[in-house]
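Values below: every heavy atom of this structure, side chains too, minus hydrogens, waters and symmetry copies. Remember, it's 1-based here, ligands and their atoms both numbered in the order they're listed. If you're wondering where the values come from, they're calculated on a predicted model, not measured in any experiment.
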Amino acid sequence: MTEKKNVKKPDNAQGTSAMWGGRFSAGPSAVMEAINASIGFDQKLYAQDIQGSKAHAQMLADQGIISGDDAAAIIKGLDDIKSEIESGSFEFKAALEDIHMNVESRLRELIGDAAGRLHTARSRNDQVATDLKLWVRDALDGMDRDIKALQKALIDQAEKHAASVMPGFTHMQTAQPVTLGHHLLAYVEMLGRDRSRVKDARARMNESPLGAAALAGTSFPIDREKTAKALGFDRPAANSLDAVSDRDFAMEYMSAASIAAVHLSRLAEEIVLWCSDQFGYVRLSDEFSTGSSIMPQKRNPDAAELVRAKAGRVIGMLNALMIVMKGLPMTYGKDMQDDKEPVFEVADTMALSLAAMTGMIEGAVFNAARMKADAGKGFSTATDLADWLVRTLAMPFRDAHHVTGALVKMAEQKGCGLEDLSLDDMRSIEKGITEDVFGVLGVDNSVASRRSFGGTAPENVARQVQDARARWL
Ligand code: ARG
C-alpha cells in the first residue's frame, strides 16, 4: 500500500478542527484521527485538487459569486502551494485529514480570509470525486501508452519470426505446427482489446462531478459547463446524487487493468516455461534475468514470475473496491475514502508489470532451431495428412481421420515420425496414397499451407505484422 510519508502528527491535539469543528468542544482521539485521515495517501491527488480548485474559483468569479480580486488571490495562492508541494517544503498534517483541507488551510495562511470563499457552492464530496476522476483519467492514458509500447515490442519480434516454426499447443500437448510470429501476434490482439477497453472507460467516465456540491446541488448560480470544460471533461454529470457517489470509473479502470494483467500473466507463464532447459525456446537478456546465490549455473526468469504474480494483486485491488461499494446506500459515505489506495496500487503495479514485460520481450532471443525440432514431434502434421486424404482422394473427413489414426499408430510402433514411413507402409493402410503426400508432412509445408484468414502461414503473419502496425502503433 501507499507509504504514509511526510505526515506530521497534529499540533492541535486537544483543539477542534478549524474546518468543521464549530459544533465540537473536544478534538478527535488519536485512533479516530488515524482511521479518519487520508492525507498519507491522498496527497497523490494534490495536482488534481489544485487544478479543480482553480477552475472552481475562476467560475465563481465569472458568475459574480466571489470578486475577481478574491479569485485572483486564490489562484495565485494555489499555484504557490503547488510549488511548495513539488519542492518538498509543504507540511502535510494528519489533523487536517485530507489533501483538500491541507491545501485550503495553507491557502488561508498564505492569502487570509479570501481563502474561505473558495469552498462556496462546493463540498469535499464533489471535490474528491473530481480529483480522483482526473487522476484515473491520467492513469488510463498512462496504461494505454504502456500497453502500446509492449505491443510494439511484440510486433517487432513477430516480424523477425514470421516464418519461425514452433509447436502450437492445446491442452499443453503438441497440436499443430504454428509460427512464432503468429503466436506473438495473438498477444498483440489481446492487448489491443485491453486498449479498446481503456478507451471505452475513458469516454464513459469523462463527466464532471464538480458543482454537485454535497449531494443536492447548490443554490448559487454556478456554471457547471464552464468548470467541466476547464477540466477537460465532455460535460457535467447529469445527476448530483450520482455524481458524488459514483465510483464506477475507478472500478472500470481496475477491471480493464485486471483483464490486461491476466493477459500479462499468461505471457509471463509462457516465458517461464520457455526459459526452462526442458523447453529451451527463449533466452532473456542479462538485464531481465537473475542468478541463484547457491547454483551458479542458474538463469532465473524472476521478472516473468513476478509479472505472473502481480495479476493477483491487481485483481485483489479491484475486488477490494467492489466490496467497499457493494450495498452502499446513496450518496457519499466515508467508506468511499478507501477507493484511493486500490487505484494507486493498480496504477503502480501495471506500470511496473508492463515495463518489465516490454523489457523482457525486447531483449528476448528465441531459439528457432529448437522450436522447429519440437514442432515436428508428437505427429503434429497428422491433421495435414488427413486434410490431404480429403483433398486428394475425396475421402470424407471422418474416414480420413480414421486412416490417419492408423498411420500414427504405425509410426508410433516403429518409433518414427509420419514423414519417415515408407510409401509401401502407408499404402498397406490406404491404397490411394501417393508420393505426393510427403509434400504436406514437413512442418514448413504444414504452416505454409494454413493461409486461411487469421491462419498461421508465414505470408499471413508478414501481412498481419503490417496491419498490426497500422492499427496499434
Ligand atoms: N477524504 C475524503 C475522501 O477521500 C474526502 C471527502 C470527505 N467528505 C466528507 N463528507 N467527509 O473521500
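At least one cation-pi condition fails for Lys340 and Phe41: the charged atom is not both under 6.0 angstrom from the six-membered ring centre and inside a 45 degree cone around its axis. For the pair Arg137 and Tyr253, the cation-pi criterion (under 6.0 Å, within 45° of the ring axis) is not fulfilled.
Not counting sequence neighbours, the partners of Arg204 by the side-chain hydrogen bond (donor to acceptor under 3.5 Å, both in side chains) test are Glu252.
Counting non-hydrogen atoms of other residues, nucleotides and ligands closer than 6.0 Å to NZ of Lys334 gives a total above 12.
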May I have the step-by-step check of side chain to side chain contact (heavy atoms under 4.5 Å, CB included) for Met254 and Val314, ending in yes or no? CA-CA 7 Å; Met254 292 193 282; Val314 173; 5.8 Å; no
Do any nitrogen or oxygen atoms of ligand 1 lie under 3.5 Å from a protein nitrogen or oxygen, and which ones?
from: ligand 1; atom 1: 1 (N); to: Ser38; atom 2: OG; distance (Å): 3.3
from: ligand 1; atom 1: 1 (N); to: Asp98; atom 2: OD2; distance (Å): 3.0
from: ligand 1; atom 1: 1 (N); to: Gln337; atom 2: OE1; distance (Å): 2.7
from: ligand 1; atom 1: 4 (O); to: Lys340; atom 2: NZ; distance (Å): 2.5
from: ligand 1; atom 1: 8 (N); to: Asn125; atom 2: OD1; distance (Å): 3.0
from: ligand 1; atom 1: 10 (N); to: Asn125; atom 2: OD1; distance (Å): 3.0
from: ligand 1; atom 1: 12 (O); to: Tyr332; atom 2: OH; distance (Å): 2.5

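The aromatic rings of Phe279 and Tyr281 sit perpendicular to each other, their planes meeting at more than 60°, with 30° as the lower class boundary.
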